[in-house]
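Taking it in order: structure first as structure tokens, then the write-up.
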There are 2 protein chains.
Amino acid sequence: MEIENVAEYLKNNGIKPSYQRVRVFEYLIKNKNHPSVNMVFKALLGEIPTLSKTTVYNTLKLFAEKNIVMVINIEDNETRYDADTSVHGHFKCEKCGELFDFGVNENELNFDKIENFQINQTHIYLKGICKNCKTN
Amino acid sequence: MEIENVAEYLKNNGIKPSYQRVRVFEYLIKNKNHPSVNMVFKALLGEIPTLSKTTVYNTLKLFAEKNIVMVINIEDNETRYDADTSVHGHFKCEKCGELFDFGVNENELNFDKIENFQINQTHIYLKGICKNCKTN
DNA sequence: ATTATTTTTGAAATCGTTACAAAATTACAA
DNA sequence: TTGTAATTTTGTAACGATTTCAAAAATAAT
Ligand SMILES: [Mn+2]
Ligand SMILES: [Mn+2]
Ligand SMILES: [Zn+2]
Ligand SMILES: [Zn+2]
């Protein structure tokens, strides 16, 4: 998805585009590294010296409620965020820690036991060793 | 999978079958409700009054390392555990909170972008409204 | 029996996250 | 503009799940 005007995009999703909100969302679409709250905070603190970590928490929670970010709970001790809300999977390398995207064909899953369940979110996580770390 | 002798099963997986460890694993195979640490602790405390929560943490971490339990991080604030380590999905009802199992056909996923990656764990989480909660 | 090793225990520390109230900003109306 | 209400941001304190750590207990080895 291409987002030309971030403020407009936030408005269209029922979010008042404050300066901090725009900057946080911009960070997410420019850095596709599935950052944690702390990564977003530390990255923006250089440019917004008054930024509070609470604001980053508030903002990302608001984004999640409005469904413009995906919340990734692949690790129990660190939530990560993704501005790409399309259904796709995440591979976490157990060696270097990097998070890779991969494609998922939704209608290829077998939902025998949960027929007539209303599915709101799909999360597919793989863990293992990435290509780079295997050779090294 | 059917486990006849828990102590034997632990031994076969490189775990010394202490009383606490056997009891924790027995709880997991008898209660297929994907319990949290606290659920295991509170349930066993009645029968093992001296039990420490740290022991439950230690034990479940050991089980995870030896790959006889699956760690479920479907929520960011509560890790849950499953003695069924076969590849299967979990549906979390956002209304009643219950965790449902469902089947997954592994080779139906599309791993285009992560070819030659070594996959060690597969986690498939769905969130939504379960059948019961939809009608009520 | 003595000693060494492993396991359990409970209290304290850690750390990500949330609650909360004050300060700052923005929106609205007179 | 000016005043006032509503919203947002900020920083500190509180919270809660998990980890650390050292002592106590249990088990294994000699
Ligand atoms: Mn992604
Ligand atoms: Mn399960
Ligand atoms: Zn790697
Ligand atoms: Zn339900």
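The figures here come from the full heavy-atom set of this structure, side chains too, leaving out hydrogens, waters and symmetry mates. Here is the naming used below: chain letters follow the sequence lines, and residue numbers restart at 1 for every chain.
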note = Whole-Å distance, B:Arg80 CZ to D:dA17 P, equals 13 Å
Nearest to side-chain heavy atoms of B:Thr79, which nucleotide of D:dT18, C:dT8, D:dT9 = D:dT18
note = Between CG of A:Leu51 and P of C:dA24 the distance, given in whole Å, is 17 Å
Phosphate-side-chain proximity, A:Ser18 and C:dT26, N/O vs OP1/OP2 below 4.0 Å = no
request  = Measure from NZ on B:Lys16 to P on D:dT27 and round the result to the nearest Å.
outcome  = 11 Å
ask   = Of all the choices, D:dT19, C:dT9, D:dG11, which nucleotide is nearest to the side chain of B:Lys61 once you look at every atom?
value = D:dT19
Phosphate OP1/OP2 of C:dT9: any B:Gln20 side-chain N/O under 4.0 Å = yes
request  = Look only at the side chain of B:Arg21 and the backbone of B:Lys16, and say whether a donor-acceptor pair between them is shorter than 3.5 Å.
outcome  = yes
task = Nearest-nucleotide wise, let me know which of B:Val37 and B:Tyr19 is further upstream toward the 5' end of DNA chain D.
result = B:Val37
task = For D:dT9, take OP1 and OP2 only and decide whether either is under 4.0 Å from a side-chain N or O of A:Thr54.
result = no
inquiry  = Measuring from the side chain of A:Thr55 (C-beta onward, heavy atoms only), which nucleotide among D:dT8, D:dT10, C:dT17 has the closest atom?
reply    = D:dT10
ask   = Once you round it to whole Å, what is the distance between P of C:dT8 and CG of B:Leu45?
value = 15 Å
ask   = Between A:Ile48 (CD1) and D:dT8 (C1'), how many Å, whole number?
value = 14 Å
ask   = C:dT9, D:dT19, C:dT17: which one has an atom nearest the side-chain heavy atoms of B:Tyr57?
value = D:dT19
query = Expressed in angstrom and rounded to an integer, what is the separation of B:Asn58 atom CG from D:dA23 atom C1'?
reply = 15 Å
ask   = Which whole-number value in Å describes the distance from B:Tyr81 OH to D:dT18 C1'?
value = 9 Å
query = Looking at B:Lys127 and B:Glu75, does any basic side-chain N land under 4.0 Å from a carboxylate oxygen?
reply = yes
ask   = With no hydrogens and no angle check, is any side-chain donor or acceptor of A:Thr59 less than 3.5 Å from a backbone partner on A:Thr55?
value = yes
Position toward the 5' end of DNA chain C (nearest nucleotide), B:Asp76 or B:Thr50 = B:Thr50
key: d(NZ, B:Lys11; C1', C:dT6) in whole Å   = 16 Å
task = Hey, can you tell me if B:His88 and B:His90 have their rings parallel, tilted or perpendicular (30° and 60° cut-offs)?
result = perpendicular
key: Nearest-0.5 Å distance, SG of residue A:Cys93 to CZ of residue B:Phe117   = 8.0 Å
